[in-house]
Amino acid sequence: MTEQHTPWAEPYKIKMVEPLAMTTRAHRQKALEEAGYNTFLLKSEDVYIDLLTDSGTSAMSDRQWAGMMLGDEAYAGSRNFYNLEAAIQRYYGYKHVIPTHQGRGAENLISRILIKPGDIVPGNMYFTTTRLHQELSGGTFADIIIDEAHDPENLFPFKGNVDLKKLEALIEKHGAKKIPYVSIATTVNMAGGQPISLANMRALRELTNKHGIRIIHDMTRVAENAYMIQQLEPGHAHRSTAEIVHELCSLTDGATMSAKKDALVNIGGFMATNEWDVFEEARNQVVIYEGLHTYGGLAGRDMEAMAIGIAESVDEDHIRARVGQVAYLGEKLLDAGIPVVKPIGTHGVFLNAKAFLPHIPQTSFPAQALAAELYLDAGVRTMERGIVSAGRNKDTGENYMPELELVRLTIPRRVYTQAHMDVIAASVANVYRNRDKVKGLKMVYEPKYLRFFQARFEPLSA
Ligand code: PM9
């Protein structure tokens, strides 16, 4: 482990590089128009620094690449599945494992198995794919995150916490039988990558035990959450990230995982459960949607890389540098007076588009417009996390109007350098200086599901 009195630094050296595309503003203007002002529709070759997502975009280690060569591509019973199962049991402690092609494959399974029409699924803020699967199974998501999470200026260190009173009120109103599980994300993506505290998880476990309600853990960024507990929650500084990860998982009954984030792979995920009946049903259903229960849509080599990535994700030097790099960018933007979500999250820095572009009403998509402008300025690709991502209420068809109208500068793991962070900060500062000139957008094409992926926009003239 590195000395704590020295600054964080990458605990690796670079042995292979991928050239980046340098483009002109005129080139980017054309690319943006062709992409309908949606950064998801840009071609990657037109992007300089890609902060769209930390999902599947991390650099794998030499050990993971070596693991890829050990792929056992048997249809059934691949040895890589057993290695993956063992890694999940060891680091996370869940008993039964079903691999899936990525996180939403696991969300599909758990939602189909546990949710009945009319059920309520409380959670610490919605996530796009998670809520959609809950709704497709006939459930209704209910937000039980603490109010602080909806305020970008609030400095509370654990804005991923559940407001237990909100959950008690839901139980009182609907009855525990209508609540198949509480959906808990570590960390909370849409709140700005904010962690939940261990104290809050323990209290939630106590409350849910009292009512016989499960906790299903969206553990996509659990190592980052655990690291923040180690750093910030009194009483945990002496514990390893791995130990805290294990305890977080032990307070839940099952999990869905997009291994494309924390677990450092380019593709893959899994569903895990401690309940035999749920496992049996998942094993039945996975063959319909993903593949046999010992590969779930993945090649053997993908499972091997994931097993190795899980171990690497809880390495103290890795996690310190990962979160340290995000904090470095965040501090630079704060120093420049840019409105960002505070405290800085663990997987990205989130710009507060309402404060950045106060002249653009939320119905003219300020975060979408800001993401487009950032791309134009220097070729940095980011993602809208506001009204477009929030979508429409499934019952009324009305747009959700989230408090948080954000642009996410998501940092892939082990990919970019500090110099890239400096370029990003300089570009954001430039756009901020010229913010008055940024105009709103109108949506000209809206897909039915997860509209943020494929919607198209045009600039408003005024
Ligand atoms: N998150 C992200 O960029 C991928 C694309 S946006 C839908 O943040 C959580 C907390 C996630 C997540 C994906 C998924 C779904 C579940 N929970 O993308 O299907 O952040 O592997 O995982 C993205 P998959």
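Because the structure is predicted, anything quoted here is derived from the model rather than measured. Atoms within a ligand are numbered from 1 in the order they appear, just like the ligands themselves.
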| message | Among Arg239, Glu316, His236, Arg320, which residue satisfies the side-chain hydrogen bond (donor to acceptor under 3.5 Å, both in side chains) criterion with Gln230? | response |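 With Gln230 as partner, Arg239, Glu316, His236, Arg320 yield a single side-chain hydrogen bond (donor to acceptor under 3.5 Å, both in side chains), made by Glu316.
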| Hey, would you say the Phe452 and Phe40 ring centroids sit under 6.0 Å apart? | yes
| query | Taking the six-membered ring for Trp, is the centroid-to-centroid distance between Phe270 and Tyr94 below 6.0 Å? | reply | no
| message | If the condition is side-chain hydrogen bond (donor to acceptor under 3.5 Å, both in side chains), which residues does Asp317 pass it with, not counting sequence neighbours? | response |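 Applying side-chain hydrogen bond (donor to acceptor under 3.5 Å, both in side chains) to Asp317 gives Thr2.
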| Any residue meeting side-chain hydrogen bond (donor to acceptor under 3.5 Å, both in side chains) with Thr57, in chain and number order, not counting sequence neighbours | none
| query | ligand 1: which residues have a non-hydrogen atom closer than 4.0 Å? | reply | Thr53, Ser55, Gln102, Gly103, Arg104, Glu107, Phe127, Thr128, Thr129, Asn189, Asp218, Thr220, Arg221, Ser258, Lys260, Lys261, Met383, Arg385, Arg408, Phe452, Phe453
| query | Taking only residues at least two apart or on different chains, which pairs with a member in residues 38-48 satisfy side chain to side chain donor-acceptor pair (under 3.5 Å)? | reply |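 Of all non-adjacent pairs touching residues 38-48, those that pass side chain to side chain donor-acceptor pair (under 3.5 Å) are His27-Asp46.
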